[in-house]
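All residue numbers refer to positions in the sequence shown, counting from 1. Heavy-atom basis, side chains included; hydrogens, waters and symmetry copies ignored.
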Amino acid sequence: MKKVKKAAASLLAVILLCVYGADSVSASSVNSSPEQPEKESIGLSAFCDSYPGKRLKIVTDDDISTFFTAGELGAQIRFVADHPVKQLYFIFEKPCQWTIILPDNSVRHGGKQGYIHELLQLDQEISRFQMEIPAGSKLTDVYAFSGGELPDWVQKWEPPCQSADLMVMPTHADDEHLWFGGVLPYYAGELGYNVQVVYMTNHYKDPPRSHELLDGLWKVGVTHYPIIPDQFADHVDTRKSLNAAKEYFGYDRIMEYQVELLRRFSPKVIVAHDIHGEYGHGAHKLNAASLLEALKIYEDPTVYPESAEKYGIHTVQKCYLHLWKKNQILVQWSDLKLERFGGKSAFRMAVEGFACHKSQQKLYKVEEDGWNDCRKFGLAYTTVGLDTPGLNDMFEHVNMSAHDQNIEGEQTGSDDTAQQAVSETDKEPVASPSDKENRSFVWDGNPAIIDVVFIGGVAVALLIAMAILICLKRRE
């Protein structure tokens with residue numbers, strides 16, 4: 001009897017370990033946070049009239065989690081440097097426009113392009129300056145440098161692409177590394193393609209994720225500043241389902257955004273989410289589903305005509321979705337050694353990019369196998385024909401010289417151009433998101449379904465174990 005009771009107790013302990021330990025096991029990650037480089041900057045002292053006689057240490061503390069918030073009338077901050085300065089680096093919580101007043105009373109303006117990490121090059125050496133920031137703006141950190149070569153961690157962003165070779169479309173910060181693997185380090189970092197990353201949501205209400213986003217992109221070689229929409233703030237409720245995400249964001253607003261992105265950046269190739277939301281996330285589903293719908297209508301200038309008139313209409317050549325079941329490719333990121341990154345593989349760099357997202361380390365990890373395999377993509381849309389099986393090249397058949405013909409100022413969005421694009425005979429139709437062949441089932445690795453099965457099984461086993469223990473106790 002004691003052996004039976006001991007076995008039942010052991011079974012109960014194992015089940016409890018599975019229940020409470022499953023998350024910690026699945027969340028454990030080989031991704032280690034990157035070593036933080038020494039901040040090779042000049043010492044700054046900051047003073048604000050709001051704190052008379054005291055230093056405003058919060059903007060010079062090299063701490064991304066602290067920030068100074070300007071009051072209703074804005075704020076003026078005076079800075080004094082320990083040594084002459086030629087470069088200034090500013091970090092804000094959200095985009096805002098700001099002004100620098102130099103000792104000779106000349107003025108420099110920043111924040112015009114919406115960067116929250118921005119480097120300002122000066123024409124003269126200075127030892128002091130004044131900064132004016134608008135009401136409600138949040139200044140995180142200011143760094144000063146003497147000129148010459150800057151540390152690697154200082155981000156020198158270029159404006160968003162005029163015409164993108166590749167457009168990568170994550171929903172949240174960190175998706176670009178988790179689900180798309182070596183796409184960014186290989187195509188942006190190693191090959192130097194014009195790569196534009198466009199997010200569906202922002203994390204301005206969830207610091208420090210916006211900073212992690214930029215740090216991760218910079219780590220893997222992206223140099224064009226990403227598109228982070230002000231109008232779509234991330235929200236936990238959107239995780240529940242596709243319908244919940246549609247209701248929260250507004251489906252027509254998302255569609256207009258997607259169509260505008262296709263027209264604005266005229267990408268040759270697109271990489272985007274699993275149609276089933278990676279792990280069932282409603283916002284991921286919405287991003288992929290609306291993109292497929294946008295690919296059907298973006299060449300019609302009568303649909304959302306404002307963006308057609310502003311940007312013109314240019315044909316997308318290919319679109320890959322993560323884990324799409326048709327026309328699959330398997331890109332061996334671990335086999336791609338990148339000279340730009342000292343011989344590290346594209347997969348290793350994806351891991352390091354994700355490691356910049358310190359707030360997410362206990363939740364996920366970059367995988368080259370399993371249900372979230374970052375090597376697996378499928379060609380969901382093409383105007384240049386299907387891929388050669390086994391070649392696994394996202395840019396196969398892509399005309400790299402086919403840049404927008406009207407960038408130099410030619411008339412855009414004409415009916416003739418749109419009609420020509422629509423009537424191409426070699427265009428493959430966009431596969432419907434409801435296509436049964438592309439639907440993930442349990443054994444295809446749909447984690448949402450697997451979780452339900454697992455939890456249900458654990459619950460049944462737990463009840464059995466408890467029943468055994470109760471019976472044994474009564475018999476005693």
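- A salt bridge does not link Lys337 to Glu339: none of the charged nitrogens lies less than 4.0 Å from a carboxylate oxygen.
- For the atom pair CD1 (Ile116) and CD (Glu118), the distance works out to 11.0 Å, reported to the nearest 0.5 Å.
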Test salt bridge (charged side-chain N to carboxylate O under 4.0 Å, His left out) on Asp369 and Arg375 and set out the steps. CA-CA 8 Å; Asp369 54 20; Arg375 302 170 301 167; over 6 Å; no
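- Heavy atoms of other residues, nucleotides or ligands lying less than 6.0 angstrom from NZ of Lys205 number 12 at most.
- The number of heavy atoms from other shown groups lying within 6.0 Å of NE2 (His235) is above 12.
- At a threshold of 4.5 Å between non-hydrogen side-chain atoms, the residues Ile329 and Tyr320 count as touching.
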Any chance you could lay out the salt bridge (charged side-chain N to carboxylate O under 4.0 Å, His left out) test for Arg209 and Asp174, step after step, and finish with the verdict? CA-CA 9 Å; Arg209 292 195 67 182; Asp174 76 18; 3.6 Å; yes
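- Tested against Tyr364, the residues Tyr279, Phe354, Trp371 include a single ring pair (Phe, Tyr, Trp, His ring centres under 6.0 Å) partner, Tyr279.
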Check the pair Lys310 / Glu306 against salt bridge (charged side-chain N to carboxylate O under 4.0 Å, His left out), numbers first and verdict last. CA-CA 6 Å; Lys310 183 175 181 179; Glu306 294 84 1; over 6 Å; no
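- Between Lys246 and Leu286, some side-chain heavy-atom pair lies under the 4.5 Å cut-off.
- Between His284 and His172, the side chains place a donor N or O and an acceptor N or O closer than 3.5 Å (distance only, hydrogens not considered).
- The line from OH of Tyr381 to CG of Leu379 is 10.5 Å long, rounded to the nearest 0.5 Å.
- Side-chain contact, Tyr199 with Glu176: a donor N or O sits under 3.5 Å from an acceptor N or O.
- For the residue pair Ser210/Glu93, the side-chain donor-acceptor check at 3.5 Å is not satisfied.
- Looking at Glu256 and Arg253, their side chains never come closer than 4.5 Å, going by heavy atoms from C-beta outward.
- Taking the six-membered ring for Trp and thresholds of 30 and 60 degrees, Trp179 and His322 have ring planes inclined between 30 and 60 degrees apart.
- Checked against Thr171 for a side chain to side chain donor-acceptor pair (under 3.5 Å), the options Glu278, His281, His273 give a single hit: His273.
- For the 3.5 Å distance criterion, the side chains of Asn243 and Tyr251 fail to qualify, holding no donor opposite an acceptor.
- The environment of CG in Asp152 is sparse: at most 12 heavy-atom neighbours from other residues, nucleotides or ligands sit within 6.0 Å.
- Ring planes of Trp333 and Phe377: perpendicular class, angle over 60° (limits at 30 and 60°).
- Counting heavy atoms from C-beta on, the side chains of Cys319 and Leu291 come closer than 4.5 Å.
- In this structure, OG in Ser137 is found 11.5 Å from CD in Gln97, a value given to the nearest 0.5 Å.
- For the pair Asp123 and Lys86, the salt-bridge criterion is not met [side-chain N within less than 4.0 Å of a carboxylate O].
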Give the C-alpha distance, both sets of side-chain angles, the deciding distance and a yes or no for salt bridge (charged side-chain N to carboxylate O under 4.0 Å, His left out) between Lys318 and Glu396. CA-CA 10 Å; Lys318 289 172 126 181; Glu396 182 187 8; 5.0 Å; no
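- At a threshold of 4.5 Å between non-hydrogen side-chain atoms, the residues Asp215 and His117 count as touching.
- With hydrogens and angles left out, the side-chain atoms of Gln317 and Thr382 include no donor and acceptor closer than 3.5 Å.
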